[in-house]
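Data first, discussion second: the structure below is written as structure tokens.
Remember, predicted model here, so these are calculated numbers, not experimental data.
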Amino acid sequence: MRIAGHRTSLALEQEFWGGLERIARARSQSLPVLIASIDEKRAKDTPEASLASAVRVFVLENKL
């Protein structure tokens, strides 16, 4: 997928993908748009954290 203009891959457990998809649907966003917003926040707040870790924390904090 493309995030912020560059290709990236993201390895997550199926449960996190499912949670991410539910959150994206609830926000009427595509997965790449939602992941880009998570990545942008991660870069500002905790640049040392991996994108996969930031996504997992996001899903846990926004569980639907």
Side-chain angles (χ1 to χ4, degrees):
M1 86 178 55
R2 284 201 175 276
I3 305 295
H6 63 275
R7 287 189 56 81
T8 189
S9 61
L10 185 59
L12 295 171
E13 296 77 11
Q14 187 58 42
E15 294 80 6
F16 286 104
W17 278 116
L20 200 57
E21 289 169 348
R22 284 189 294 278
I23 294 166
R25 272 195 309 273
R27 294 180 177 201
S28 299
Q29 292 180 311
S30 68
L31 275 177
V33 168
L34 180 58
I35 294 169
S37 70
I38 296 167
D39 189 37
E40 185 177 316
K41 185 175 183 330
R42 177 202 58 82
K44 289 179 188 170
D45 297 346
T46 54
E48 69 282 356
S50 72
L51 177 56
S53 293
V55 168
R56 287 182 183 99
V57 169
F58 175 84
V59 170
L60 290 173
E61 290 178 343
N62 294 276
K63 190 172 180 181
L64 294 176

For [X] and [Y], which heavy atoms make the closest approach, and how far apart are they?
| X | Y | answer |
| --- | --- | --- |
| Val59 | Ile23 | CA-CD1, 4.0 Å |
| Ala52 | Ala11 | CB-O, 4.0 Å |
| Pro47 | Ala43 | CB-O, 3.6 Å |

When rounded to the nearest 0.5 angstrom, what is the spacing between CZ in Arg22 and CG in Asn62? 12.0 Å
As an exercise, state the distance from CD1 of Ile3 to CD1 of Ile35, rounded to the nearest 0.5 Å. 5.0 Å
Is the count of non-hydrogen atoms from other residues, nucleotides or ligands lying under 6.0 Å from Glu40 atom CD greater than 12? no
Is a side-chain N or O of Arg42 found less than 3.5 angstrom from the main chain of Ala49, in a donor-acceptor match? yes
How would you list, by chain and number, every residue that makes a side-chain contact (heavy atoms from CB on, under 4.5 Å) with Gln14, sequence neighbours excluded? Trp17
Do Leu20 and Ile38 have side-chain heavy atoms sitting under 4.5 Å apart? yes
